[in-house]
Amino acid sequence: MRFGFVAAAAAGMMLALGSTAVAEPTTSGSAEEVVPVSAVSAMVAQAECVVVSVSGDGGAFACWNPTGEHLFNCDGASDGHHPELFYYRSTSPGTRRHLSDSPGYGYCVDHNLADIPESGWIRVKACNYEKDTQLSCDSAYRYAYANG
């Protein structure tokens, strides 16, 4: 499945986000499926996916679908950089997890976090990277809940 993206939608969603800062240990996650951002935009429009976090420059964003607990790592700018997500989950709240994907502009990678209980949560921070160099991140970790 592929998703196409409209950067303005993510930037607008950024204004509606709450914030909670947390500490930063690290672990890696594994990618499942690359999807076009247009599909993410369609999901957002249908309230199936909530933009949880956007990097300060708008080049990276995280979209959360609580049905099945899917976290999308999305590239929102044609800047040649790639999105990375850092997140914590209620099932192991002291462990920072890291998703580093290179879906390309206008695409997202779908990560299935299906073992989060309905009463659970994730806290996510989206960042934009050039190779191993962090260029821009959201100002804080943002909450999303598994029960939608």
Margin query: Tell me yes or no: SG of Cys74 and SG of Cys63, less than 2.5 Å apart?
Written below: no
Notebook entry, point to check: Quick one: does Pro103's side chain get under 4.5 Å of Cys108's, heavy atoms only?
Noted result: no
Note to self: How long is the straight-line distance from CG of Asp79 back to OH of Tyr105, given to the nearest 0.5 Å?
What the structure shows: 10.0 Å
Item checked: Non-hydrogen atoms of Asn147 and Pro66 that approach each other most closely -> C-CB, 4.3 Å
Checklist line | Closest non-hydrogen atom pair, Ser100 against Glu84 | finding: OG-OE2, 3.2 Å
Check: What's the shortest heavy-atom distance between Ser90 and Gly120, and which atoms?
Finding: OG-CA, 3.2 Å
Notebook entry, point to check: Does any donor atom in the side chain of His82 or Asn128 lie under 3.5 Å from an acceptor atom in the other side chain?
Noted result: no
Margin query: As an exercise, state the distance from NE2 of His111 to CH2 of Trp64, rounded to the nearest 0.5 Å.
Written below: 12.0 Å
Check: What's the spacing between Phe61 CZ and Cys127 SG if we round to 0.5 Å?
Finding: 14.5 Å
Margin query: To the nearest 0.5 Å, what is the distance between CG on Leu71 and CG on Leu113?
Written below: 5.5 Å
Margin query: Quick check on Asp132: does its CG atom have over 12 non-hydrogen neighbours (other residues, nucleotides or ligands) under 6.0 Å away?
Written below: no
Next item on the list: For the pair Tyr141 and Val124, evaluate side-chain contact (heavy atoms from CB on, under 4.5 Å) and give the outcome as yes or no after the intermediate values.
Entry: CA-CA 5 Å; Tyr141 282 81; Val124 183; 5.7 Å; no
Notebook entry, point to check: What distance separates Arg97 CZ from Tyr87 OH, expressed to the nearest 0.5 Å?
Noted result: 5.5 Å
Next item on the list: Mind listing the closest non-hydrogen atom pair of Pro83 and Ala60 along with its distance?
Entry: CB-CB, 3.6 Å
Notebook entry, point to check: Could you state the interatomic distance from NZ (Lys131) to NE2 (His81), rounded to the nearest 0.5 Å?
Noted result: 11.0 Å
Checklist line | Sole residue of Val109, Ile122, Asp138, Leu99 in side-chain contact (heavy atoms from CB on, under 4.5 Å) with Leu85 | finding: Leu99
Item checked: Ring center gap for Tyr145 and Trp121 short of 6.0 angstrom -> no
Next item on the list: Grab the two heavy atoms, one from Leu135 and one from Tyr129, that are nearest each other, plus how far apart they are.
Entry: CD1-C, 4.1 Å
Note to self: Show the nearest heavy-atom pair for residues Pro93 and Arg123, with the distance to one decimal.
What the structure shows: O-NH2, 4.1 Å
